[in-house]
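To start, the structure itself, in structure tokens.
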Amino acid sequence: MAHDPWLEIRERADAVRREIETRLGVATPAPIVDAPEDKGAFALAAFGYAKALRRSPADIAKEAATVPAPAPFLALRADGGYVNFVLDPAAFAARVLASTQEMGESYGQSPVRPERVLLEHTSANPTGPLHVGRARNPIYGDALARTMRLAGYRVTTEYLVNDVGKQMVLQYWGTKRLTSQDVGPAEREKDDYRTVKFYQRATALMEGDPKVNGEVMALIQRFERGDAALTREVREVSEGVLRGILETLARIGVSYDSFFWESDLILDGSVRRVIDRLGGMSQEEDGARFLDLSEFGLEGDAAKYVFVTKLGTSLYTTRDIAYHLKKMERCDVGINVLGEDQKLTFSRLKAALRLMGVPWAPETIFYAFVGLPEGRLSTRKGRVVYLDDLLDEAVDRAYEEVRKRREDLSEERMREIAELVGVSAVRYNIARVQAEKRILFRWEEALSFEGSSAPFIQYSHARACGILEKAGALRKGNPALLVALAEQRLLRWIARFPSAVREAAETRRVHAIATFAADFAGVFNEFYRDCPVLTAEPELREARLALVDAARIVLQNALSSLGLKAPKEM
RNA sequence: GGGCCUGUAGUCUAGCCUGGAUAGGACAGAGGCCUCCGGAGCCUCUGACCUGGGUUCGAAUCCCAGCAGGCCCGCCA
């Protein structure tokens, strides 16, 4: 268990716990919890034993503490109703550094797990540039993929490209029938910005002109019948927009293992097959077909799930069912990152899958929307902040900061660092918040470079790198010398990193890593203040260098599991 | 009206799943720290669990009822 020193020590504590329980003669186990730092590594709460033993918790704790403590523990200490497991500082330091040195740059990595995970995220409709609201999806999804991989999961990421449906056909119609004079200039020279002008204009025209609506409806029906030539043309328009979106995502370090095109589900007949399979269980109304899902905890209109329109065309969820049937063949665990507006839709999808006798459904991570102080993001009302603009602004500001403090660097190097820092700051500020919580977008917060922020973590990393750079080659020091408070605290945080990664991966809560990383950076900064490294006595200096190197690796891997860069200087 | 989610200092946020020791951190505010490895840093002070019940030795955490905000209840995606 060299990969996880904290788990290893915890299991020793757990063995002691069992012995305590045998000695006390209690049947129901009490939990081992992390103790407050000044009390020990772990603690056993004796309160739970009190009732069965008819003795006071303090009394029980006192007796329990007489059980001998195995290495690396120094002693068990009774404190009120608790038994605290006190570590031997030298033994603890030796164990942690043995682990980090064995794992090297991959410290934090857990052994590979058997299940194949297919993580679908982003899947934004290619109808325009990514705005900060939608950006939460790839930022969260990509960080989850990275964190899960570090925890040992085999993860494939996928973007479901929606190139089907009224929006997409309308967008296609716009690019065919309108000219750039009709729609006006794009805000940026990118395909997503160019095409969205056509889309917006076409939407406006369709709303005011039934003739346009008729043309679009006719196109949709051709499309749904599997007109391969038309499908290809519509898809080409989508591809252009997607290219623009992916360009933006590449800038923040997000990419995908695969893409799935929704139109393929129509061309290969799988949407048709889903419709046929659901047909027998459905009811008809005005030519449309629907399922009654009131068996599945849905009520009223929410239980009425229409999957074929009166024109015989499929709907988004119908195609999503076809997609999921294919998806499940390719993985053991499916995870979807979705906006919270998809909740009902998704429970309908799961219900429909169950009606079809499919026992499998993906897990879902729903994130709440990003709002603006003045209200909801709305492209139509012009109340929108594009991710590209946010990134440009962040990088500009980072450049000012770099220039202020690093006159020694070349212009090119300053630009590089500004890009790393600015982009990371934006990602961190979105990733750090629990998914279910609503984010109100404020420029000052999105661009924050101090306190709990990516630059704060990156700065600690750069400091560690700076020390190691000056120190030269690492020699083996004596870890037993690392007994100062700040050293022990840092060791504790280093030890807990692999567990923190696994916990975040298992609960699919990547913001926990964001919190961990910022706390860790704070702990490292305190060590930096209290424990001079380069000027310490030779043996202590070597030991501290090993500690700094371990901390450097934790910072680097914590940053990378969030998809953030770890520059050596900034 | 119904369903789901969220309510923690002036502001933002962790802890809630799995109940346990003085509720952790950041911003803003006040005051301090570079003859010493990088001041995007560090230290000190101020300040919070939406309300009311319940369960429990013990509740920010679990349960119930309110209140406030968000999302949804399209033959859109």
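Every chain is numbered from 1 and lettered A, B, ... according to where its sequence line falls, protein lines coming before strand lines. All of these numbers come straight from a predicted model, not from anything done at the bench.
- Between Phe441(A) and His131(A), a ring centre-to-centre spacing not shorter than 6.0 Å is recorded.
- At a threshold of 4.0 angstrom between heavy atoms, the contacts of Thr309(A) include nucleobase atoms, whether or not backbone atoms are also involved.
- Heavy atoms of Arg544(A) sit nowhere under 4.0 angstrom from any nucleic acid atom.
- Counting all heavy atoms, side chain and backbone alike, Ser424(A) lies closest to Gln458(A) at OG-NE2, 3.2 Å.
- Using a 4.0 Å heavy-atom cutoff across all strands shown, Glu503(A) reaches at least one base atom of the nucleic acid.
- If you check every strand for non-hydrogen atoms under 4.0 Å, Met168(A) touches nothing.
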Which letter, B, S or -, goes with each nucleotide of nucleotides 63-68 of chain B from 5' to 3', with contact meaning a protein heavy atom under 4.0 Å? ------

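- Distances shorter than 4.0 Å separate none of the side-chain N or O atoms of Lys304(A) from OP1 or OP2 on C73(B).
- The shortest distance between the side-chain N/O atoms of Asn525(A) and the OP1/OP2 oxygens of G41(B) is not below 4.0 Å.
- Nucleic acid contact for Cys465(A): none, since no nucleic acid atom lies under 4.0 Å from a heavy atom of the residue.
- Residue contacts for Ala512(A): at a heavy-atom cut-off of 4.0 Å it reaches no nucleic acid atom on any strand shown.
- Heavy atoms of Glu299(A) sit under 4.0 angstrom from primed sugar atoms or phosphate atoms, though from no base atom.
- Gln458(A) comes within 4.0 angstrom of no nucleic acid atom, judged by non-hydrogen atoms across all strands.
- Base-pair partner of G1(B): C73(B) (Watson-Crick or G-U wobble, both distances under 3.5 Å).
- If you check every strand for non-hydrogen atoms under 4.0 Å, Gly300(A) touches nothing.
- For the pair Asn84(A) CG and U22(B) P, the interatomic distance rounds to 13 Å; values are reported in whole Å.
- Phe47(A) comes within 4.0 angstrom of a nucleotide base, judged by non-hydrogen atoms across all strands.
- Minimum atom distance to the side chain of Arg376(A) is reached by C72(B), of the listed G15(B), G38(B), C72(B).
- Close to G41(B), at under 4.0 Å from its OP1 or OP2, lies no side-chain N or O of Arg529(A).
- In the set C73(B), G70(B), U56(B), G70(B) carries the atom at the smallest distance from any side-chain atom of Arg438(A).
- Listed by chain and number, the residues in a ring-ring contact (aromatic ring centres under 6.0 Å, His included) with His461(A) amount to none (sequence neighbours excluded).
- Nearest nucleotide to the Glu445(A) side chain, out of U11(B), G74(B), C75(B): U11(B).
- A cation-pi contact, defined as under 6.0 Å to the ring centre and within 45° of the axis, is absent between Arg438(A) and Phe369(A).
- Across every strand in view, U44(B) sits in a pair with A30(B) that passes the Watson-Crick or G-U test at under 3.5 angstrom.
- Nearest approach of Ile60(A) to Ala50(A), heavy atoms of both residues: CD1-CA, 3.6 Å.
- When both distances must be under 3.5 Å, the Watson-Crick or G-U wobble mate of A65(B) is U51(B).
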Full working for ring-ring contact (aromatic ring centres under 6.0 Å, His included) between Phe260(A) and Tyr159(A): CA-CA 6 Å; Phe260(A) 195 104; Tyr159(A) 188 131; over 10 Å; no

